Engineer: 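What follows is a single structure, and I will ask about it in a moment.
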Amino acid sequence: MASSSSALLRRARHLSTAVATAANTNVTTSAAMTISKAKSKLRKEHDTDKALDIYSSVKSNHSSSSPGSTHHAQQITVRRLAKSHRFSDIEALIESHKNDPRITDEQFLSSLIKSYGIAGMFDHALRTYNQMETLKTPRSALSFNALLTACVNSKKFDLAPQLFDEMPAKYGFKPDVYSYGILVRSFCDAGKPELGIEKLKEMNQKGVQASGVIYTPIIHSLYKKGNSTEAERIWDEMVNRGCVVDVAAYNVRLMNAVDGDPEDIKRMIEEMSNAALKPDTISYNYLMTCYCKKGMMNEAKEVYDKLEENCCNPNAATFRTLLYYLCRNERFETGYKVFKHSVAVNKIPDFNTLKYLVGGLAKKSRTKEAKGIIRTMKKKFPPNLLVAWTKLEKELGLASADTEAAKEGVQR
DNA sequence: TCCAGTAAGT
């Protein structure tokens with residue numbers, strides 16, 4: 001344990017130097033890469049080291065402009081590193097930002113706190129928050145909200161109310177509506193919506209005006225616990241208080257209806273439109289999923305086909321759910337078309353979903369299509385999944401003379 | 001994209 005952590009530390013130091021030098025020299029490949037291009041590359045890049053390179057280039061070329069966008073690139077990178085458990089790399093990356101002159105900007109510092117939260121590194125988030133005096137960063141509720149968010153993202157639910165009691169008094173600021181919102185969400189994530197409801201009352205007494213956003217996780221949590229009566233009571237309370245009811249709030253109700261009659265969901269979507277709300281991809285996904293669960297695959301496919309007509313784009317969940325149910329209903333040819341669409345828009349479902357499709361196509365002697373999927377997947381996915389694909393290929397008797405290609409893939 | 005909220009098969 002001790003020796004491996006010192007090895008990690010060495011790597012962290014190495015990385016932090018690498019990041020620092022990347023800022024001064026143009027080591028990285030594309031000096032002219034735009035941030036949006038970099039972000040789309042980041043999303044597609046499954047190799048963590050390559051993702052880091054892309055991020056360094058964003059950082060070195062655009063450190064003076066569009067902070068929101070670089071921040072987003074930072075979060076994508078951190079998420080990727082956390083997925084590979086490279087926490088010392090994350091530390092090196094984020095700590096290196098503390099030398100940036102923008103560290104006195106509370107928003108900039110808050111983005112670092114949030115990134116630590118995304119990685120589940122709450123101790124580091126808290127340390128950064130407590131460093132603000134040293135770093136000469138002024139305090140308001142903003143950085144506190146970042147800390148609370150980090151707390152919730154790190155699933156330290158007991159800590160959130162404690163921070164809420166301690167920090168405002170310790171550092172002399174007032175929690176705002178957002179702070180309350182994050183605290184309420186923390187209670188709900190911990191499966192205690194009743195504490196959220198209590199907080200709502202407290203807000204009222206203190207004259208903090210609650211918005212619809214604060215009600216949404218409470219209603220969500222109540223439905224999840226099977227307490228729909230109480231969920232509907234809170235919904236009514238939200239409406240009666242004159243809160244804005246938006247698409248996200250409606251989607252929580254749609255979620256609860258997904259095991260029921262599709263007609264109910266259609267009615268609710270209509271209700272949304274009548275309220276001048278535009279149902280989004282999540283809304284339509286519920287309708288599609290509802291049809292899928294009922295085995296009504298033609299209707300489900302129609303929802304998918306009409307997404308763009310409804311000004312929505314299918315997302316990763318759309319493809320995954322539809323493909324899964326198409327395969328379960330032996331509709332492999334339709335599934336293949338859906339798969340190709342998912343490749344075109346870079347939202348390819350995971351291995352577990354696709355193995356049913358490949359297996360089904362192979363079973364129906366659609367060897368060409370089955371092989372095509374495997375070829376695509378070997379190109380698109382990281383080396384560690386290659387083993388699974390090669391194994392499946394062998395099991396289905398689809399392996400041909402391209403074992404060499406597989407080797408190439410491993411070396412990549 | 002902008003400080004809080006929404007789902008997802010076995």
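What you see is a predicted model, and the numbers here were worked out from it, not measured in a lab. Each chain gets a letter, A, B and so on, in the order the sequences are listed, and its residues count up from 1.
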Engineer: For A:Ala249, report the nucleic acid contact type (base, sugar-phosphate, nothing); a contact means any heavy atom under 4.0 Å.
Structural biologist: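 Base, at least one base atom sits under 4.0 Å.
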Engineer: Do A:Thr353 and B:dG9 have a side chain to base donor-acceptor pair shorter than 3.5 Å?
Structural biologist: yes
Engineer: Among residues at least two apart in sequence or on other chains, which ones pass side chain to side chain donor-acceptor pair (under 3.5 Å) with A:Ser140?
Structural biologist: A:Glu106
Engineer: Expressed in angstrom and rounded to an integer, what is the separation of A:Phe173 atom CZ from B:dC3 atom P?
Structural biologist: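 Interatomic distance, CZ of A:Phe173 to P of B:dC3: 16 Å.
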Engineer: Determine the interplanar angle of the A:Phe319 and A:His341 rings, folded into 0 to 90°, and report it as parallel if under 30°, tilted if 30 to 60°, perpendicular if over 60°.
Structural biologist: perpendicular
Engineer: Please report the distance separating the P of B:dT10 from the corresponding atom of B:dT6, rounded so that it comes out in whole Å.
Structural biologist: 23 Å
Engineer: Please report the distance, rounded to the nearest Å, between OH in A:Tyr178 and P in B:dC2.
Structural biologist: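 Result: 11 Å.
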Engineer: Taking the six-membered ring for Trp, are A:His124 and A:Tyr116 parallel (under 30°), tilted (30 to 60°) or perpendicular (over 60°)?
Structural biologist: tilted
Engineer: Would you call A:Arg139-A:Glu133 a salt bridge at under 4.0 Å N-O?
Structural biologist: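 A salt bridge is present here (some side-chain N lies under 4.0 Å from a carboxylate O).
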Engineer: Does any pair with a residue in residues 180-221 of chain A pass ring-ring contact (aromatic ring centres under 6.0 Å, His included), and if so which ones, sequence neighbours excluded?
Structural biologist: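 For residues 180-221 of chain A, and leaving out neighbouring residues, the ring-ring contact (aromatic ring centres under 6.0 Å, His included) pairs sorted by first residue read A:Phe164-A:Tyr180.
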Engineer: Rounding to the closest angstrom, what is the interatomic distance between B:dA4 and B:dA8 at atom C1'?
Structural biologist: 22 Å
Engineer: Roughly how many Å is it from OH in A:Tyr325 to P in B:dT10, rounded to a whole number?
Structural biologist: 4 Å
Engineer: Let's test your reading of the model: under 3.5 Å, does the base of B:dG9 pair with the side chain of A:Arg328 as donor and acceptor?
Structural biologist: no
Engineer: In this structure, how many angstroms lie between the C1' atom of B:dA4 and the CG atom of A:Asp176, rounded?
Structural biologist: 9 Å
Engineer: Starting from P on B:dA4, measure out to CD1 on A:Ile218 and report it in whole angstrom.
Structural biologist: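 Distance, rounded to whole Å: 17 Å.
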Engineer: Would you mind reading off the distance between A:Tyr180 atom OH and B:dC3 atom P, rounded to a whole angstrom?
Structural biologist: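 To the nearest whole Å, that distance equals 20 Å.
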Engineer: Just checking A:Arg185: base, sugar-phosphate only, or nothing, at a heavy-atom cut-off of under 4.0 Å?
Structural biologist: sugar-phosphate
Engineer: By a strict heavy-atom criterion of less than 4.0 Å, which residues belonging to residues 250-261 of chain A are in contact with DNA chain B?
Structural biologist: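 Heavy-atom contacts with DNA chain B come from A:Asn251, A:Val252, A:Met255.
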Engineer: Which whole-number value in Å describes the distance from A:Asp246 CG to B:dG5 C1'?
Structural biologist: 8 Å
Engineer: Side chain of A:Lys114: nearest nucleotide among B:dG9, B:dT6, B:dA4?
Structural biologist: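 Closest of the options to the side chain of A:Lys114: B:dA4.
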Engineer: Any ion pair linking A:Glu95 and A:Lys98 (charged N to carboxylate O, less than 4.0 Å)?
Structural biologist: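 Salt bridge: yes.
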Engineer: Between A:Lys355 (NZ) and B:dG9 (P), how many Å, whole number?
Structural biologist: 16 Å
Engineer: Regarding A:Ile182, tell me which of base, sugar-phosphate or nothing describes its non-hydrogen contacts under 4.0 Å with the strands shown.
Structural biologist: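 The answer is sugar-phosphate, as A:Ile182 gets under 4.0 Å only of primed atoms, P, OP1 or OP2.
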Engineer: Can you find a donor-acceptor N/O pair under 3.5 angstrom joining the side chain of A:Ser211 to the base of B:dA4?
Structural biologist: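 Flag set: donor-acceptor pair detected.
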Engineer: If the P atom of B:dT1 is compared with that of B:dG5, how far apart are they to the nearest Å?
Structural biologist: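 Here B:dT1 and B:dG5 have their P atoms 15 Å from each other.
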Engineer: When only distance counts, do a donor and an acceptor, one from the side chain of A:Asn352 and one from the base of B:dG9, lie under 3.5 Å apart?
Structural biologist: no
Engineer: Using 4.0 Å as the upper bound for N to carboxylate O, is an ion pair formed by A:Lys199 and A:Glu194?
Structural biologist: no
Engineer: Below 4.0 angstrom from OP1 or OP2 of B:dC2, is there any side-chain N or O of A:Gln107?
Structural biologist: no
Engineer: Counting the atoms with a prime plus P, OP1 and OP2 as sugar-phosphate, which does A:Ser110 contact under 4.0 Å by heavy atoms, base, sugar-phosphate, or nothing?
Structural biologist: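 Here A:Ser110 touches no strand at all.
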Engineer: Counting side-chain heavy atoms from CB outward, which of B:dC3, B:dA8, B:dT6 is closest to A:Ile282?
Structural biologist: B:dT6
Engineer: Would you say the ring centroid of A:Tyr223 lies under 6.0 angstrom from that of A:Trp235?
Structural biologist: no
